[in-house]
Amino acid sequence: MTLKWLAVVVATVSLTLWATGNVVTLAVEGGQLPLLVNLFALVTAGTAVVLAVVAELHERLDNRISALTEFLVARLNEIENHTGDRNTGFVEGYLLSHGQEAAVVPFGRRGRGAAER
């Protein structure tokens, strides 16, 4: 059971016990439960409701982050596939235009000035 639903159950049980206890005490003794018992039941229910709301907001935020992550991964894969095809085509075209013996030579190191030549 998730935290959200556990908090909802705790709030429901707490409010039910509070209401039932006060109704039974009123019917039998003509009064109400002690103030400490009433406050404990209401504070427990209130805390559980706040916890349920926070858990729901956390779940929604997690779902949105997951959707955003999936979108970004798909977009990056699309960009990678497009870029990879373009570079591969460039190299293959270069090799085909210069014959089979042509080699792809990397550029020289940078930083060499005219004095070093």
Side-chain angles (χ1 to χ4, degrees):
M1 183 179 295
T2 63
L3 179 64
K4 175 179 70 172
W5 291 111
L6 185 63
V8 168
V9 168
V10 167
T12 304
V13 168
S14 178
L15 286 177
T16 303
L17 289 175
W18 171 76
T20 304
N22 279 324
V23 167
V24 168
T25 306
L26 180 65
V28 173
E29 297 176 5
Q32 62 179 4
L33 289 174
L35 179 64
L36 187 62
V37 174
N38 280 336
L39 285 177
F40 179 74
L42 292 176
V43 166
T44 303
T47 304
V49 167
V50 169
L51 185 62
V53 169
V54 168
E56 173 66 20
L57 292 176
H58 182 271
E59 184 179 337
R60 288 183 181 190
L61 180 64
D62 189 39
N63 289 339
R64 287 187 182 198
I65 289 175
S66 296
L68 179 63
T69 303
E70 290 174 6
F71 171 75
L72 288 175
V73 166
R75 183 68 178 130
L76 288 174
N77 285 336
E78 179 184 327
I79 290 171
E80 179 185 10
N81 290 337
H82 177 69
T83 303
D85 290 343
R86 182 175 176 187
N87 290 339
T88 302
F90 173 77
V91 171
E92 289 174 359
Y94 175 82
L95 291 174
L96 288 174
S97 68
H98 287 84
Q100 292 293 341
E101 66 278 350
V104 178
V105 181
F107 292 120
R109 290 186 6 208
R110 290 183 171 218
R112 288 189 280 176
E116 291 182 23
R117 292 186 197 170

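Numbers here simply count residues along the sequence, with the first being 1. Scope of the values below: all heavy atoms of this structure, side chains included, with no hydrogens, waters or symmetry mates.
The side-chain heavy atoms of L36 and F40, taken from C-beta on, include no pair separated by under 4.5 Å.
In this structure, S14 contributes its side chain and V10 its backbone to no donor-acceptor pair below 3.5 Å. With D62 contributing its side chain and H58 its backbone, the two residues share no donor-acceptor pair below 3.5 Å. With N22 contributing its side chain and L33 its backbone, the two residues share a donor-acceptor pair below 3.5 Å.
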Between L42 and L15, does a side chain to side chain contact (heavy atoms under 4.5 Å, CB included) hold up when you go through it step by step? CA-CA 7 Å; L42 292 176; L15 286 177; 4.1 Å; yes
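Summarising the geometry of A11 relative to A45, their closest heavy-atom pair is CB-O, 3.8 Å, with the distance given to 0.1 Å.
With sequence neighbours excluded, no residue satisfies side chain to side chain donor-acceptor pair (under 3.5 Å) with E70. With sequence neighbours excluded, no residue forms a side chain to side chain donor-acceptor pair (under 3.5 Å) with R64. With sequence neighbours excluded, no residue forms a side chain to side chain donor-acceptor pair (under 3.5 Å) with E59.
Two different hydrophobic clusters hold V13 and V37 under the rule that ILVMFWY side chains link at heavy-atom gaps under 4.5 Å.
Atom CG of L68 has more than 12 neighbouring heavy atoms from other residues, nucleotides or ligands inside a 6.0 Å radius.
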